[in-house]
Amino acid sequence: MTSPPSTLAPAASRPLWQRPALLGAASLLVLLIAGVAARWYAGRRALRELIVPGNRRAAPSADAGIPAAALSFSSGDHAIRALWVRAAPPESAAPAVLVFHGNRTSVSQQVAVQAVLYRAGISSLVFDYSGFGESEGEASPAALRRDARAAFAVFADSAKDASRRVLLGTSLGAAVLLDAITDVQAGVDGVVLVGTFTSAREAARRAGRLPRPLSLLVPDWYDNIKAVRNLERPLLVVHSAKDQRFPLEGAERLVAQAAVPKRLIQLEDAPHQRYLATSADWRPVLEFIRRGLP
């Protein structure tokens with residue numbers, strides 16, 4: 001007795017949706033492409049929030065009455081602009097500070113900071129990252145890391161006779177400083193971090209500008225909690241209980257992870273945009289620059 005002919009088509013002639021192996025592979029490919037696209041989108045969206053260049057056309061101001069010297073140095077193939085202000089020399093060499101400024105600003109808007117330092121008898125170097133102010137190039141975490149290293153080399157030379165050398169970073173600048181810390185702390189006497197955050201991923205999640213699932217796809221740029229463990233110099237952290245962007249709890253976590261002599265200064269009334277706006281805010285910072293921790 002002969003068997004009835006099979007009604008199943010050969011595998012090669014079946015439609016794709018009837019081939020489980022091919023269908024599974026196609027599904028995995030679609031998921032992979034979607035995941036890569038989602039990560040790219042989340043990363044680009046977070047990066048636009050994380051790094052916001054200051055005005056390219058702003059020129060350094062001469063209104064503060066300080067002896068500012070304009071500098072230019074190379075960072076990769078980018079020309080980086082900076083201002084060096086040397087304090088009037090007392091009997092011994094003055095302390096010096098390398099300033100890493102925050103978002104939406106440039107060297108021209110940092111003259112007031114340099115004026116405070118100058119009046120306190122402290123020299124300072126402020127530089128614009130790639131894509132900020134008159135500096136060339138496009139801003140990115142990798143470019144800003146190169147900029148930090150190049151600026152530190154200029155600072156180390158300019159401040160070679162300083163009695164103390166301190167790094168000071170505000171908001172994004174604190175993250176740029178920590179991102180390059182293993183390369184910029186040689187010969188430094190202390191580090192000041194003002195109004196910083198814990199990580200880019202956590203900042204994106206807290207800001208709520210990305211759906212929570214997408215925030216998990218943000219590359220973990222500027223993991224400051226991890227980076228601060230590489231710090232080998234005394235640390236002063238300044239943070240405000242009224243910081244509406246980065247909560248005080250994050251600064252407390254950051255300080256807890258630093259395995260160096262450290263201190264957290266808690267300001268009570270400064271919103272994120274108004275750090276170091278008063279002489280009272282500056283007082284512990286200037287004391288740390290001059291003498292270190294008590």
A.B. asks: Kindly say whether S135 contributes a backbone atom to a donor-acceptor pair with the side chain of D128 at under 3.5 angstrom?
C.D. replies: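 Looks like no, no N/O pair under 3.5 Å.
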
A.B. asks: Side-chain polar contacts of residues 148-159 - donor-acceptor pairs under 3.5 angstrom, sequence neighbours left out - could you list them?
C.D. replies:
unit_1	atom_1	unit_2	atom_2	d
R149	NE	D183	OD2	2.8
R149	NH2	D183	OD2	3.2
S158	OG	V154	O	3.0

A.B. asks: If we ignore angles and hydrogens, is there a donor and acceptor under 3.5 Å between the side chains of S240 and Q266?
C.D. replies: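 Checked: S240/Q266 side chains show no N/O donor-acceptor pair below 3.5 Å.
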
A.B. asks: Given V192, which partner from the list L168, V97, V237 fulfils the side chain to side chain contact (heavy atoms under 4.5 Å, CB included) test?
C.D. replies: L168

A.B. asks: Test of understanding: with side chain to side chain donor-acceptor pair (under 3.5 Å), list the residues that count as partners of N224, not counting sequence neighbours.
C.D. replies: T196

A.B. asks: Please list, chain by chain and in numerical order, all residues satisfying side chain to side chain donor-acceptor pair (under 3.5 Å) with S72, sequence neighbours excluded.
C.D. replies: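 Counting only residues at least two positions away or on another chain, S72 forms a side chain to side chain donor-acceptor pair (under 3.5 Å) with R81.
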
A.B. asks: Please report the closest heavy-atom contact between P234 and D189, naming both atoms and the distance.
C.D. replies: CD-O, 3.5 Å

A.B. asks: Under the side chain to side chain contact (heavy atoms under 4.5 Å, CB included) rule, collect the residues that match up with P294, sequence neighbours excluded.
C.D. replies: R263

A.B. asks: Hey, does W221 have a side-chain heavy atom less than 4.5 Å from the side chain of D179?
C.D. replies: no

A.B. asks: Could you go step by step and tell me if E287 and R283 meet the salt bridge (charged side-chain N to carboxylate O under 4.0 Å, His left out) rule?
C.D. replies: CA-CA 6 Å; E287 183 67 17; R283 193 172 297 118; over 6 Å; no

A.B. asks: Is it the case that atom CZ in R290 sees more than 12 heavy atoms from other parts of the structure closer than 6.0 Å?
C.D. replies: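 Correct, the count exceeds 12.
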
A.B. asks: So, the side chain of Q185 versus the backbone of E232: is there a donor-acceptor pair under 3.5 Å, distance only?
C.D. replies: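 Present.
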
A.B. asks: Would you please name every residue forming a ring-ring contact (aromatic ring centres under 6.0 Å, His included) with Y118, sequence neighbours left out?
C.D. replies: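 Counting only residues at least two positions away or on another chain, Y118 forms no ring-ring contact (aromatic ring centres under 6.0 Å, His included).
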
A.B. asks: Walk me through it: do F100 and F127 pass the test ring pair (Phe, Tyr, Trp, His ring centres under 6.0 Å)?
C.D. replies: CA-CA 7 Å; F100 296 73; F127 67 102; 5.4 Å; yes

A.B. asks: Strictly distance-based, threshold 3.5 Å: is any side-chain N or O of S163 a donor or acceptor partner for the main-chain N or O of A93?
C.D. replies: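 Checked: pair present.
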
A.B. asks: Below 6.0 angstrom between ring centroids: does that apply to Y129 and H101?
C.D. replies: yes

A.B. asks: Can you list everything that forms a side chain to side chain donor-acceptor pair (under 3.5 Å) with R253? Sequence neighbours excluded, please.
C.D. replies: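 For R253 the side chain to side chain donor-acceptor pair (under 3.5 Å) partners, ignoring immediate neighbours, are E202.
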
A.B. asks: If we only count heavy atoms from C-beta on, is the D281 to Y275 side-chain gap below 4.5 Å?
C.D. replies: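 No. Closest side-chain heavy atoms not under 4.5 Å.
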
A.B. asks: Got L235 and L193 here, is their nearest side-chain heavy-atom distance under 4.5 Å?
C.D. replies: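 Yes - at least one pair of side-chain heavy atoms lies under 4.5 Å apart.
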
A.B. asks: Kindly say whether S106 contributes a backbone atom to a donor-acceptor pair with the side chain of Q109 at under 3.5 angstrom?
C.D. replies: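 Side chain of Q109 to backbone of S106, a donor-acceptor pair under 3.5 Å: yes, one is there.
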
